[in-house]
Amino acid sequence: MLILLAAIFALHIIAIVILLVATIDNAWWVTSDIYTDIWGRWVETDGVWNLTDLPSHYPKEYLQAVQASSVLACIFSILGIFVFVAQLFTLTKGNRFTISGVFQFLACLCIMIAASIYTDRFHLEENNGNYGHSFILAWIAFGLTFISSITYFVLRKKTA
């Protein structure tokens, strides 16, 4: 059981790291000389990368929803790992992993909302380029947090 708990803890930590990288890093949309994230745009001029504001034609309400959902996913996942550790020592069997599973599921929903809105709204704003690694990491984080939340709910049943 100890190896299983260590594997779940490692999966949760990996999901947190990927969520943080997807939220903070500057590669949601990339071209040869522009990297755009949910916070700003990096433009290469004369070999130097400069941070600029996002274009004014970007839909601000949707962008704020993507930003808020990404940050909430990070917060829920970090709270989930603290609750997981606390639950190991305080709650009885059968109740241990419910709250951690709920926090991971909320993180899963938040990052799915953020990536879905970005997919729907922001690819229409750019004519050329591709989704960057931060966008892909957001979808990977969605999968990892979903697997983690399901694992917590299954473990709750097995330990009862």
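Source: prediction; values computed, not measured. One-based numbering along the sequence shown.
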S.K.: List the residues meeting ring pair (Phe, Tyr, Trp, His ring centres under 6.0 Å) with Trp49, not counting sequence neighbours, and say none if there are none.
M.R.: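 Applying ring pair (Phe, Tyr, Trp, His ring centres under 6.0 Å) to Trp49 gives Tyr35.
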S.K.: Under the side chain to side chain contact (heavy atoms under 4.5 Å, CB included) test, which residues partner Ser148, sequence neighbours left out?
M.R.: Leu11, His12, Gln104, Tyr152
S.K.: Give a yes or no answer on whether the side chain of Asp25 reaches the backbone of Ala27 with a donor-acceptor pair at less than 3.5 Å.
M.R.: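 No; judged by distance alone, with no hydrogens or angles, the pair does not exist.
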S.K.: Is the shortest side-chain heavy-atom distance between Ile140 and Leu137 below 4.5 Å?
M.R.: yes
S.K.: Could you tell me whether the side chain of Leu155 reaches within less than 4.5 Å of the side chain of Leu4, counting heavy atoms only?
M.R.: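 Side chain of Leu4 against side chain of Leu155, heavy atoms only: contact under 4.5 Å found.
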S.K.: Go through the steps for Phe153 and Phe97 under the test side chain to side chain contact (heavy atoms under 4.5 Å, CB included), then give the verdict.
M.R.: CA-CA 7 Å; Phe153 290 130; Phe97 305 113; over 6 Å; no
S.K.: Walk me through whether Asn26 and Ser134 qualify under side chain to side chain donor-acceptor pair (under 3.5 Å).
M.R.: CA-CA 7 Å; Asn26 63 346; Ser134 294; 5.9 Å; no
S.K.: Tell me whether the rings of Phe142 and Phe146 are parallel (<30°), tilted (30 to 60°) or perpendicular (>60°).
M.R.: parallel
S.K.: For Trp28 and Trp39, indicate whether the former's side chain and the latter's backbone hold a donor-acceptor pair under 3.5 Å.
M.R.: no
S.K.: Report yes if some heavy atom in the side chain of Thr52 is under 4.5 Å from a heavy atom in the side chain of Trp42; otherwise report no.
M.R.: no
S.K.: Taking the side chain as C-beta and beyond, is there a heavy-atom pair between Asp33 and Thr31 under 4.5 Å?
M.R.: yes
S.K.: Could you please spell out the steps behind the side chain to side chain contact (heavy atoms under 4.5 Å, CB included) verdict for Asp53 and Arg41?
M.R.: CA-CA 6 Å; Asp53 289 334; Arg41 176 175 275 190; over 6 Å; no
S.K.: Can any side-chain N or O of Trp29 pair as donor or acceptor with the backbone N or O of Phe135 at less than 3.5 Å?
M.R.: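 No; zero donor-acceptor contacts below 3.5 Å.
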S.K.: For Leu106, which residues count as a side chain to side chain contact (heavy atoms under 4.5 Å, CB included) partner, sequence neighbours excluded?
M.R.: Phe76, Val102
S.K.: Is a side-chain donor or acceptor of Ser77 paired with a backbone partner of Ala73 at a separation under 3.5 angstrom?
M.R.: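 Checking the backbone N and O of Ala73 against the side chain of Ser77, no donor-acceptor pair under 3.5 Å is found.
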